[in-house]
Amino acid sequence: MFWADNKLMKGQQLMSAFTHLQCGYCQLELEADRLWNLCPECKKPLLARYDFEEAGKTLTREALAERPGNLWRYHEVLPIRKEKYRLTLQEGWTPLIHAERLGKEVRFDNLYIKEEGLNPTTSFKARGLSVAVSRAHELGVKAISIPSAGNAAGAMSAYTALAGIRSYVFMPKDVPQAFIGECRALGAEVQLVDGLITDCGRIAAEGVARYKRFDVSTLKEPYRLEGKKTMGYEVAEQLDWRLPDVIIYPTGGGTGLIGMWKAFDEMEQLGWIGKERPRMVSVQAENCAPMVRAFHDGNEFAAKWENASTKADGLRVPAAVGDFLILRALRESGGTAIAVSDKAMIDYANLMGRCQGIFPSPEGGATLAAFMELRKAKWIKGGERVVLFNTGSGHKYAHLWG
Ligand SMILES: *Cc1c(COP(=O)(O)O)cnc(C)c1O
């Protein structure tokens, strides 16, 4: 297998420098090796902390050159301790494509696309759920539950299948058939809910309490964030340790954005980068834009968006438990938040497709739509380096193209 010839593997130990958990809001510190969901004090998300001096002994920029092409190349800064619990389908280490034909079309030289559609189950949700389900497996969990707008449920079902863990999925009843069929094929029990992701969360929580299922909702356990932070490590590594000027990210629950922001801080502690950071941009759908509204209103938290609607299933998130972490990252980075229409998402998905041969999800199209707006407003300047995140493939959304 992959790790058999890895020089860094010591017997069954997959070395991790994971030390403890810390609340992202009240800073309370908690023991690493037991199951946690939200902070027991303030009910905010918990963040994994590491000993970077220890991690840096084996995790060096040079050592990475020898490592496998998946997110486990950064295992010292991931929370799994033993190799036998690591569940992998080769997630992560996706290409960062210099989009030259698209760049020519929009008259901009340094445009890059991080192509997350190539992950197992066709979205970047695989990163978070590979790590979260592995860690739950390591801590003895036998049943897992998730409320999901689509891609997260498929990813979870893939890794629970590998572990032999029972999986329970709660999805809005109007999610496209491709998302439902995928979960069923992967062995999950699917319950369709008349409502939005927030309603799914409420119903899933009843089963969690009654049947002792472990809840892996976005940011309600600490490890999906750890999987998604690897996008930050990868962008740095793939750009030869010089971060881009701007990152445009389609934001639902915000795990990827918060995760990358955490990764930049960790890489600074490892001595790999300095204080410079990209300006982080959140893109949302115009009929579900709680972060955009809170950002421009100067709020610390984002009020729930009423009557949320968008065809971009990953962006149909009216309220997020990590709202304050998203807003902090946007502000500290000198970034911004912008809403785009569903029509613009598809139009620009088509432009990306025509120029680069990528079939993006509408969320991916949204990043290009936002880029065009920000370029027009001269918020992005010529000569800057910009990374767009195509967070998933368009295949599960093919119905949108008629
Ligand atoms: C879930 C999802 C998003 C939103 O990701 P968050 O990290 O929760 O903000 C964006 N795009 C796609 C394709 C998704 O599945």
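Being a predicted model, the structure only gives us computed values, none of them experimental. Just so you know, ligand 1 is whichever comes first in the structure, and atom 1 is the first atom listed for that ligand. Below, each value reflects all heavy atoms present in this structure, side chains not excepted, and no hydrogens, waters or symmetry copies.
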### Message
So, 4.0 Å and heavy atoms of A152: is ligand 1 close enough to count as a contact?
### Response
no
### Query
Closest non-hydrogen protein atom to atom 7 (O) of ligand 1, residue and atom name please, with distance?
Y249 OH, 2.5 Å
### Message
Is it true that, when you exclude N307 itself, more than 12 heavy atoms of the residues, nucleotides or ligands shown sit nearer than 6.0 Å to its CG?
### Response
no
### Query
In the protein, what heavy atom is nearest to atom 13 (C) of ligand 1, and what distance, to one decimal place, separates them?
T391 OG1, 3.3 Å
### Summary
Only residue of R61, K114, R67, R73 satisfying salt bridge (charged side-chain N to carboxylate O under 4.0 Å, His left out) with E237 is R73
### Query
Is the Lys NZ or Arg CZ of R213 less than 6.0 Å from the centre of Y168's six-membered ring, within 45° of the axis?
yes
### Check: F359 ring centre within less than 6.0 Å of W401 ring centre
yes
### Shortest protein contact, atom 5 (O) of ligand 1 (heavy atom only)
F124 CZ, 3.2 Å
### Query
Under 3.5 Å, is there a donor-acceptor pair between the side chain of R279 and the main chain of W379?
yes
### Message
Tell me whether the rings of Y397 and H399 are parallel (<30°), tilted (30 to 60°) or perpendicular (>60°).
### Response
parallel
### Task
Quick one: list whatever passes ring-ring contact (aromatic ring centres under 6.0 Å, His included) with F170, sequence neighbours left out.
none
### Query
Among pairs that include at least one residue of residues 302-335, which meet ring pair (Phe, Tyr, Trp, His ring centres under 6.0 Å), considering only residues two or more places apart or in two chains?
Y25-F324, F301-F324
### Message
Using a 4.0 Å heavy-atom cut-off, which part of Y397 comes near ligand 1: side chain, backbone, both, or neither?
### Response
side chain
### Query
Identify the closest protein heavy atom to atom 8 (O) of ligand 1: which residue and atom is it, and at what distance?
G253 N, 3.0 Å
### Message
G256 versus ligand 1: do any nitrogen or oxygen atoms come within less than 3.5 Å of each other?
### Response
yes
#### Entry: Within reach of ligand 1, part of N151 (heavy-atom separation under 4.0 Å)
side chain
## Note on the structure
ligand 1 to K228, heavy atom cutoff 4.0 Å, flagged ligand atoms 5 (O), 6 (P), 7 (O)
### Query
Which of the listed options, M260, E116, K125, holds the heavy atom that is closest to atom 2 (C) of ligand 1?
K125
### Message
Contact between ligand 1 and F389 is defined here as a heavy atom of the residue under 4.0 Å from a ligand atom; is it met?
### Response
no
### Summary
Per-atom filter on ligand 1: closer than 4.0 angstrom to a heavy atom of T251 are 9 (O)
